[in-house]
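Notes follow once the structure below has been shown.
From a predicted model like this one, the values you see are computed outputs, not experimental measurements.
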Amino acid sequence: MLNFDYYNPTRISFGKGKISELDKLVPQGAKVLVLFGGSSARKTGTLDEVKQALGQRELVEFGGIEPNPTYETLMRAVEVVKAENIDFLLAVGGGSVIDGTKFVAAAAVFDGEPWDILLKWGANVTQAMPFGTVLTLPATGSEMNNASVVTRKSIKAKLPFRNDHVYPQFSILDPTKTYTLPERQVANGVVDAFVHITEQYLTYPVNAAVQDRIAEGLLQTLIELGPQVLANPDDYDIRANLMWVATTALNGTIGSGVPQDWATHMIGHELTALYNMDHARTLAVILPSLLTLTKEAKREKLLQFAHRVWRLDQGSDDEKIDLAITKTREFFEAMGIPTRLSDYDLGKQDVDAVIAQLEAHGMVALGEHENIDLAMSRDILTLSL
């Protein structure tokens, strides 16, 4: 197992009716900026529930954060923070709203051009505003980690940053708030969580038995409950377990002491920035092809994945690996998510554009071995057509 430091200060308040605990979790006397996405938070009553729980605190609303939060929109929120003398942020939504709030928290007190936060992957962030979250869409795990991804529309760039100053102080996870989600978003969330796990698990073995077993259990839970949530959308236990899987997938537990990949995400980010594809759908397209082309480097973990997660015991090692990758693709398809670029009307010319963006953003040595260069990225994209 690799050496590691583990730190996670986020308090989780999990369960039905937990939004009422905002009164205890948000400082008394705080002036709160409530950030949210589209109209769903208002239509479903979640926003009213949040406002009621905040009691007599002065609050300001900022809506319109996009599914892939944009720098342009978030900078308007920064202006509101400064103009209104806000001292606490509250994100109400899914990973995009939370990611956006993390950027606002850092940018509002940043000394310099805030885009530099993204260009330097957050290494230059020395402070951030306090904030909490009310999660309504389980997928990204942003509610319990220190990472964020922001898109700048004007230059078609989607970049991540990470810094310990942007851990949420608390996150409220009420599974009932996911009942009204469209099926597309539910499916996206399952696939997003699945790929988050594989990015930390499908690398090479370092004898991290605890992390491996947790990762495998999380993957099996998604495989079991993913189709069930589509068939039984009002089942509380299914919703609760999927919500906690998505959080646990990316709160640092399974990624501690192990090598990590993230090439699927980096390539996927460019597809989203260029063609506005749903984030999870870019991952579903890229992962099977990436695993196919890197299966020799990932051979030991892919065999473990085949045996422990997919229960494949028949055939040669190569056959088991290939079948495990096929079953992964079939799982994504069973969730209603197409796994070929051609399914999204993208072709060879679009591969060229993605490669150009990867080069422009310095994504030229991806993966746990940093050996996925532009040529291999092209091969992965081409195999994904």
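No donor-acceptor pair closer than 3.5 Å links the side chain of Gln200 to the backbone N or O of Trp262. A donor-acceptor contact shorter than 3.5 Å links the side chain of Thr198 to the backbone of Val195. The backbone N or O of Gly17 sits less than 3.5 Å from a side-chain atom of Ser20, completing a donor-acceptor pair. The main-chain N or O of Gly255 is found under 3.5 Å from a side-chain atom of Gln260 such that the two form a donor-acceptor pair. In this structure, the side chain of Thr272 engages the main chain of Met277 through a donor-acceptor pair within 3.5 Å. Within the 3.5 Å criterion, the main-chain N or O of Gln314 finds no donor-acceptor partner in the side chain of Glu319.
Screening residues 305-314 for salt bridge (charged side-chain N to carboxylate O under 4.0 Å, His left out) gives Glu216-Arg308 as the qualifying pairs, with residues at least two apart or on separate chains. Pairs engaging residues 2-12 under the salt bridge (charged side-chain N to carboxylate O under 4.0 Å, His left out) rule: none recorded [sequence neighbours left out]. Applying the ring pair (Phe, Tyr, Trp, His ring centres under 6.0 Å) test to every pair with at least one member in residues 332-357, sequence neighbours left out, gives these pairs: Phe194-Phe332. Sorted by first and then second residue, the salt bridge (charged side-chain N to carboxylate O under 4.0 Å, His left out) pairs with a member in residues 81-93 read Lys31-Glu84; sequence neighbours excluded. Pairs engaging residues 225-235 under the salt bridge (charged side-chain N to carboxylate O under 4.0 Å, His left out) rule: none recorded [sequence neighbours left out]. Applying the ring pair (Phe, Tyr, Trp, His ring centres under 6.0 Å) definition to pairs two or more places apart or across chains, those involving residues 167-188 are Tyr7-Tyr167.
Atom-to-atom distance recorded for Glu49:CD and Lys177:NZ is 3.5 Å, nearest 0.5 angstrom. Taking NE2 of His265 as the start and CD1 of Ile267 as the end, the distance is 11.5 Å to the nearest 0.5 Å. The line from OH of Tyr204 to NE2 of His369 is 6.0 Å long, rounded to the nearest 0.5 Å. Expressed to the nearest 0.5 Å, how far CG of Leu74 lies from OG1 of Thr101 amounts to 8.0 Å. Remark: Glu183 CD to Asn188 CG distance equals 10.5 Å, nearest 0.5 Å.
When side chains are defined from C-beta on, Ser256 does not count as touching Val210, because their heavy atoms never get closer than 4.5 Å. Between Thr44 and Thr136, the closest side-chain pair of non-hydrogen atoms is not below 4.5 Å. Counting heavy atoms from C-beta outward, Leu225 and Val229 have side chains that stay 4.5 Å or more apart. In this structure the side chain of Thr247 never reaches within 4.5 angstrom of the side chain of Phe14, judged on heavy atoms. In this structure, Ser40 and Thr180 have side chains that are not in contact, with every pair of non-hydrogen atoms separated by 4.5 Å or more. Looking at heavy atoms from C-beta onward, Trp244 lies in side-chain contact with Leu173 at the 4.5 angstrom threshold. Contact annotation: the side chain of Asp379 never approaches that of Leu383 to less than 4.5 Å [non-hydrogen atoms, C-beta and beyond].
Asp318 and Ser316 are not linked by any side-chain donor-acceptor pair at a separation below 3.5 angstrom, with hydrogens and angles left out of the test.
At a threshold of 4.5 Å between side-chain heavy atoms, the hydrophobic network of Ile, Leu, Val, Met, Phe, Trp and Tyr places Leu290 and Leu283 in one connected group. Under the 4.5 Å side-chain heavy-atom criterion for grouping Ile, Leu, Val, Met, Phe, Trp and Tyr, Leu35 is not connected to Leu25 through any hydrophobic cluster. Leu90 and Val104 fall into different hydrophobic clusters, where Ile, Leu, Val, Met, Phe, Trp and Tyr are joined by side-chain heavy atoms under 4.5 Å apart, directly or via other members. Cluster membership for Phe331 and Leu202, using ILVMFWY side-chain heavy atoms within less than 4.5 angstrom, is shared. Leu250 is not connected to Ile223 by any chain of hydrophobic side-chain contacts under 4.5 Å among Ile, Leu, Val, Met, Phe, Trp and Tyr, and they are in different clusters.
A pairwise comparison of heavy atoms in Ser148 and Asp99 identifies OG-O, 2.8 Å as the closest pair. Of all the heavy atoms in Val191 and Ala280, the pair that sits closest is CG1-O, 3.7 Å. Contact between Ala53 and Arg57 at its shortest, heavy atoms only, is O-NH1, 4.2 Å. Considering every non-hydrogen atom in both Glu143 and Ala246, the closest pair reads OE2-C, 4.4 Å. Across every non-hydrogen atom of Gly257 and Gln211, the tightest pair is CA-NE2, 4.2 Å. Closest approach of Val80 to Val60, counting heavy atoms only: CG1-CG1, 4.1 Å.
Under the side-chain hydrogen bond (donor to acceptor under 3.5 Å, both in side chains) criterion, Lys320 pairs with no residue at all, not counting sequence neighbours. Under the salt bridge (charged side-chain N to carboxylate O under 4.0 Å, His left out) criterion, Asp261 pairs with Lys298, sequence neighbours left out. Take Ala324 and apply the side chain to side chain contact (heavy atoms under 4.5 Å, CB included) test, not counting sequence neighbours, and it matches Phe305, Ala306, Trp310, Leu312. Every residue was checked against the salt bridge (charged side-chain N to carboxylate O under 4.0 Å, His left out) condition with Asp48, not counting sequence neighbours, and none meets it.
The pair Lys295-Asp322 meets the salt-bridge criterion, since a charged nitrogen lies less than 4.0 angstrom from a carboxylate oxygen. One finds a salt bridge joining Arg184 and Asp278 here, because a Lys/Arg side-chain nitrogen approaches an Asp/Glu carboxylate oxygen to under 4.0 Å. Looking at Glu368 and Lys301, no side-chain N of the basic residue comes within less than 4.0 Å of a carboxylate O on the acidic one, giving no salt bridge.
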Would you mind writing out the side-chain donor-acceptor pairs for residues 350-367 within the sub-3.5 Å range, not counting sequence neighbours?
residue, atom, partner, partner atom, Å
Asp350, OD1, Tyr275, OH, 3.2
Asp350, OD2, Gly347, N, 2.7
Asp352, OD1, Arg378, NH1, 2.6
Gln357, NE2, Lys156, O, 2.6
His361, ND1, Glu270, OE1, 3.4
His361, ND1, Glu270, OE2, 2.8
His361, ND1, Gln357, O, 3.2

Donor-acceptor pairs under 3.5 angstrom involving side-chain atoms of residues 106-118: please list them, not counting sequence neighbours.
residue, atom, partner, partner atom, Å
Glu113, OE2, Tyr71, OH, 2.3
Glu113, OE2, Trp115, N, 3.0

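Glu300 CD: 12 or fewer foreign heavy atoms inside a 6.0 Å radius. Dense packing is recorded around CD of Glu296, with more than 12 heavy atoms of other residues, nucleotides or ligands lying under 6.0 Å away.
Considering Thr133, Asn145, Asn163 in turn, Asn145 is the only one that fulfils the side-chain hydrogen bond (donor to acceptor under 3.5 Å, both in side chains) rule with Lys102. With Ile19 as the partner, the side-chain contact (heavy atoms from CB on, under 4.5 Å) test is satisfied by one option alone out of Val50, Val92, Thr176: Val50.
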| request: Could you walk me through whether Arg239 and Asp174 pass the salt bridge (charged side-chain N to carboxylate O under 4.0 Å, His left out) test, one step at a time? | output: CA-CA 9 Å; Arg239 294 282 187 167; Asp174 181 345; over 6 Å; no
